[in-house]
Amino acid sequence: MSAPYVELQVTSSFSFLRSGSQPDELIFQAKALGYDTIGLTDWNSVAGVIRAHLAAREAGLRLLPGCRLALRDGSALLAYPRNRAGWAGLCQLLTLGHHRGERDVFLLGWEDLVAAAPDLLLILLPPEDLTALRGHVQNLLDLPGQRAGEEESRFLALTMLRQPEIWRGFTHSQRSVRHEVWPAL
């Protein structure tokens, strides 16, 4: 029996100080819990993908390998390559982001995503400061290939629905962001 839910934001021990579980442990636990698909998205890294791939093959689980990109402006995206060009673009982005900053500093901006965006499925994560949400959504939609069709709209909708509790307790002006985003989907 498979789980009716796919976790797209699993973080392994390759995201230092954010998870203590090895990628293979996560895969085997996901299988034990009834998942048939899982997305591995370590922070600014794809270092755990090989171990996760080997474990997924052994466990008979579908792996969606990707990465969580933390951008300079505080926005965060899950980035899933659509094809080989997407993998190349994601690896180039990771290299660029790591080489710009000093040790343990990752510096990447929205403008850096333009070349790789058509070959990536990007999922915007809700920001802590919800006043920034409108700008982050617009930045995502301005990237090439992120507004191309119904599939992308559904993933943007999943982004917005990921944490439904973020819409509770909003003032009237804050809710207007929600009403402007929904019709765009």
Which pair of non-hydrogen atoms, one from [X] and one from [Y], has the smallest distance, and what is that distance?
X: Pro127; Y: Leu133; answer: CD-CD1, 3.7 Å
X: Ser45; Y: Leu94; answer: N-CD2, 3.8 Å
X: Gly66; Y: Val46; answer: O-CG1, 3.7 Å
X: Phe106; Y: Ala70; answer: CD2-O, 3.4 Å
X: Phe14; Y: Gln22; answer: CE1-OE1, 4.2 Å
X: Leu143; Y: Ala117; answer: CB-CB, 3.9 Å

**Request:** Answer yes or no: does atom CD1 of Ile50 have more than 12 heavy-atom neighbours from other residues, nucleotides or ligands under 6.0 Å?
**Result:** no
**Prompt:** Does CZ belonging to Arg100 count more than 12 external heavy atoms closer than 6.0 Å?
**Reply:** yes
Residue among [options] satisfying side-chain contact (heavy atoms from CB on, under 4.5 Å) with [X]:
X: Val49; options: Pro65, Ser12, Cys67, Pro23; result: Pro65
X: Ile38; options: Ile27, Leu8, Val6; result: Ile27
X: Leu78; options: Thr41, Leu120, Leu121; result: Thr41

[atom1]/[X] to [atom2]/[Y] distance, rounded to the nearest 0.5 angstrom?
X: His53; Y: Leu61; atom1: NE2; atom2: CG; result: 12.0 Å
X: Leu40; Y: Gln9; atom1: CG; atom2: CD; result: 11.0 Å
X: Asp42; Y: Ser13; atom1: CG; atom2: OG; result: 7.5 Å
X: Arg68; Y: Leu77; atom1: CZ; atom2: CG; result: 9.5 Å
X: Leu122; Y: Tyr80; atom1: CG; atom2: OH; result: 11.0 Å
X: Leu69; Y: Leu90; atom1: CG; atom2: CG; result: 6.0 Å

**Prompt:** Is a donor on one side and an acceptor on the other found under 3.5 Å between the side chain of Ser21 and the backbone of Leu26?
**Reply:** no
**Item:** Backbone N/O of Arg84 and side chain of Asp119: donor-acceptor pair under 3.5 Å
**Value:** no
**Prompt:** Is Lys31 paired with Glu58 through a side-chain N to carboxylate O contact shorter than 4.0 Å?
**Reply:** no
**Prompt:** Are Trp43 and Leu63 linked, directly or through other ILVMFWY residues, by side chains that come within less than 4.5 angstrom of each other?
**Reply:** no
**Single-linkage hydrophobic cluster, 4.5 Å side-chain cutoff, Trp110 and Val114 together** = yes
**Request:** List the steps, then state whether side-chain contact (heavy atoms from CB on, under 4.5 Å) holds for Leu54 with Arg57.
**Result:** CA-CA 5 Å; Leu54 294 173; Arg57 188 170 17 164; 3.2 Å; yes
**Request:** Go through Asp73 and Asn139 one step at a time and tell me if the side-chain contact (heavy atoms from CB on, under 4.5 Å) criterion holds.
**Result:** CA-CA 11 Å; Asp73 68 354; Asn139 287 336; 4.1 Å; yes
**Request:** Could you please spell out the steps behind the side-chain contact (heavy atoms from CB on, under 4.5 Å) verdict for Asn44 and Leu108?
**Result:** CA-CA 10 Å; Asn44 306 319; Leu108 205 61; over 6 Å; no
